[in-house]
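Within every chain, numbering begins at 1; the chains are lettered A, B, ... in the order of the sequence lines, protein sequences first and strands thereafter. For the numbers below, each heavy atom of this structure counts, side chains included, while hydrogens, waters and symmetry mates do not.
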There are 2 protein chains.
Amino acid sequence: MRVSIKDIALKCNLSVSTVSRALNGDYGVKSATRTSVMKVAKELGYVPNIAAKELVSQKSKLIGIILNESDGDGEARPAFFELLPHINKTLAIFNYRAIIYTINSNSYIRGEITDIINLRNLSGCIVVSVFRENHPIYEDIKSLNNPIVVLESSILTRICSNINTDEVMGGYMATRYLIDNGHKQIGFVNGPQNFEISNERFEGFQKAIEESQLQISDTAIIWSNYTGSGGKDSIHQLIQNNPAITAVFFANDLMAMGAISSMAESGILVPKDISIIGYDGLFVCKYYNPPLASVVIDNAAIGVRAAELLLELINGGSGKTVRVMPKLFEGKSVRKY
Amino acid sequence: MRVSIKDIALKCNLSVSTVSRALNGDYGVKSATRTSVMKVAKELGYVPNIAAKELVSQKSKLIGIILNESDGDGEARPAFFELLPHINKTLAIFNYRAIIYTINSNSYIRGEITDIINLRNLSGCIVVSVFRENHPIYEDIKSLNNPIVVLESSILTRICSNINTDEVMGGYMATRYLIDNGHKQIGFVNGPQNFEISNERFEGFQKAIEESQLQISDTAIIWSNYTGSGGKDSIHQLIQNNPAITAVFFANDLMAMGAISSMAESGILVPKDISIIGYDGLFVCKYYNPPLASVVIDNAAIGVRAAELLLELINGGSGKTVRVMPKLFEGKSVRKY
DNA sequence: GTGAAAGCGCTAACAC
DNA sequence: GTGTTAGCGCTTTCAC
């Protein structure tokens, strides 16, 4: 049988209520009483029963982390796994813990996220995966009555914060970097059109192109799928239709890597024959061959900030938007003309 | 106020105990009663209060996943993040959920893992990170009274299972693959000596070397640190001391990648000038330039199996050892002589 | 400053 | 087959 406050009360000749107050640092307990309670608790190896606390307080100190199941194969969005430890560590400082939930994006039914929260009385949750635009989960989030932080989205309510990279800026930075290095014939391999991030990165791309008054043919823009093999297919198509191309911006690193390794087999070298820049700043970029230029998303900062935003909401704060600036990693995959 | 079984009882003209029995599928409830209870529960939007259930049952349906904090930087052991979704999905089938705990390997104090388990009454836990040999956490695990599954270790008790790749075989396969391709001057860049996996991979390496009666100089074996920059430093040292070397086995992919990208800058090409094989089978291997030969650890299988082993222990089964065979990914980084 | 008692939502004897 | 009751460990009024 585990030690309970009753055991402490018995040993201290006190009532359970006093012990409870002493243990929880409440006012109205003589300081001598408190020290003796603490001492006995330690001696007895007392561990509070969280289930009992939760039952009476109706709260849980548990945070849900919502993951899109398709991220699970490790290919789709590896960057999100870099977030997890940082979210977790920040939450742990305040004695919150994270439960991971995997949601199948295709079989999602309205209210699923509400059920998840209610079942374990979660204090809040963080949606780390990007779902396609107009995915029903976003409707649920908007009408939710629980604190929630959504990454890479712009949902903002009294009780929902969002944190995201400035994707337009990211797209702009990547394209600008190519232009600044003298490239004029530039291709863009993007993700699917029904993702907010794809469209924003595209907007940044366009901005940089227009600003420089470059002409980009329609065939130089490909809407792919954020996978390595998608990158591979796209680059060949791109080169075939645009033989004069000298640089390509891929909307994520995985597609860029798929393209580079595939081109190498055809004897096309990076950056000698063609320059490549990716997006995400995966930690493997710096060990890629060649080190892959990329728009770096600061996952550590986002993870910490997401957790902080959620804790703010839990403590009564109201929803806000936080925007994180991406950085450029130059790598060695872009040639200067 | 949330709907409780009391509300259902009221509406159905039943007692709470009958409702409880009906809801939990216990025997001794008329089938008509059960259907009406179910119907009303649904109508009212009833969600069971898990805290109450846990309080009375003294169990939690919560599993701890123990991560070494140093894995958190995403560099140390990226492969483990590939495990997570698979563990999680398997647990979810049986309504168990995973809580992620980050442990700082250096500041660990005896009993920490026991406290973690007791505080939330975890049904069990899975230790996914590799700690160095003789780390105090392993002593704690041996004397634990709760179901636990440890990856990449050989701890086996009545209530502790372990699951690991056959690392000796992995080391053997990698080395054998180089030998079979005609390499005779082979180098080995390993991880730190105080990790069980390093020593096992080394054993496999030695076995293949001896079997083939090759001579390997002491300077061709380097104990590094599993990081990309460690791989970079090691390869240059290796080549300098062993100019005739034609192939190197790296005990993980990250070191191999660090080495390849660094060699490229010095004009040393893989596999033309030197052949490289890695270990782990990270999903980026196939998009590396060149696609990196590697010993593939089947993280999906390990994740699923680890969860299954834990559930077995929770349901009264006893500790067992499961060994998973690694596979070889040939890539294009090894040249045939 | 401390104690007695009620109750959070649920399960599990035990009674009928 | 169903109801009554006690109790899981804790917090929180309300007395004193």
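By the 4.5 Å heavy-atom criterion applied to side chains, A/I113 and A/C125 are counted as neighbours. Within the 4.5 Å cutoff, no side-chain heavy atoms of A/I66 are placed close to those of A/I148. Between B/L144 and B/I159 there is no side-chain heavy-atom pair separated by less than 4.5 Å. Using a 4.5 Å cut-off on side-chain heavy atoms (C-beta onward), A/R2 and B/Q58 make no contact. Looking at A/R110 and A/I137, their side chains never come closer than 4.5 Å, going by heavy atoms from C-beta outward.
At whole-Å resolution of the value, NZ in B/K61 and P in C/dC10 are 16 Å apart. Between the NZ atom of B/K59 and the P atom of C/dC10 there is a distance of 17 Å, given to the nearest Å. The distance between atom CG of B/L23 and atom C1' of D/dT2, rounded to the nearest whole Å, is 16 Å. Across the protein-nucleic acid pair, A/L55 atom CG and C/dT11 atom P stand 12 Å apart, rounded to whole Å. D/dC10 atom P lies 10 Å from atom CG of A/N24, rounded to whole Å. Distance CD (B/E54) to C1' (D/dC10): 14 Å, rounded to an integer number of Å. Here D/dC10 presents its C1' atom at 12 Å from CZ of A/R2, a figure rounded to the nearest Å.
The base of C/dA4 sits with one of its N or O atoms less than 3.5 Å from a complementary donor or acceptor on the side chain of A/S17.
The shortest distance between the side-chain N/O atoms of A/Q58 and the OP1/OP2 oxygens of C/dG9 is below 4.0 Å. The side chain of A/K53 places an N or O atom within less than 4.0 Å of a non-bridging phosphate oxygen (OP1 or OP2) of D/dT11. Distances shown here put a side-chain N or O of B/S15 below 4.0 Å from the OP1 or OP2 atom of D/dG3.
The 12-atom threshold is exceeded at CG of B/N315, counting heavy atoms of other residues, nucleotides or ligands nearer than 6.0 Å.
Within residues 30-50 of chain B, the residues that have a heavy atom under 4.0 Å from DNA chain D are, in order of number, B/K30, B/T33. Listed by residue number, A/S4, A/I5 are the residues of residues 4-13 of chain A with a heavy-atom contact under 4.0 Å to DNA chain D. Listed by residue number, there are no residues of residues 115-124 of chain A with a heavy-atom contact under 4.0 Å to DNA chain D.
Summary for the helix from C/dG1-D/dC16 to C/dC16-D/dG1: the axes at its two ends, each from 5 pairs, differ by 40° when rounded to the nearest 10 degrees.
With rounding to the nearest 0.5 Å, the separation of CD1 in A/I126 from CD1 in A/I87 is 4.5 Å. In this structure, the separation between CZ on A/R323 and OG1 on A/T165 is 8.5 Å, given to the nearest 0.5 Å.
With sequence neighbours excluded, the residues satisfying side chain to side chain contact (heavy atoms under 4.5 Å, CB included) with B/N88 are A/I100, A/T102, B/A98.
Two residues, B/R21 and B/A52, neighbour DNA chain D, and the one matched to the more 5' nucleotide by heavy-atom proximity is B/R21.
Residue A/V56 is in base contact, counting any heavy-atom pair closer than 4.0 Å across all strands shown.
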Q: Test B/L62 against B/N121 for side-chain contact (heavy atoms from CB on, under 4.5 Å), laying out the working first.
A: CA-CA 8 Å; B/L62 244 27; B/N121 238 304; over 6 Å; no
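In terms of heavy-atom proximity, A/Y138 sits nearest to A/R132 at CE1-O, 3.5 Å.
Residue A/S20 has its side chain nearest to D/dT11 when only D/dT5, D/dT11, C/dG9 are considered.
Checked against B/I65 for a side-chain contact (heavy atoms from CB on, under 4.5 Å), the options B/L83, B/I99, B/L84 give a single hit: B/L84.
Residue pairs meeting the salt bridge (Lys or Arg N to Asp or Glu O under 4.0 Å) criterion with at least one partner in residues 53-66 of chain B, sequence neighbours excluded, are A/R120-B/E54.
Between B/F131 and B/H135, the ring planes lie tilted relative to each other; the angle falls in the 30° to 60° range.
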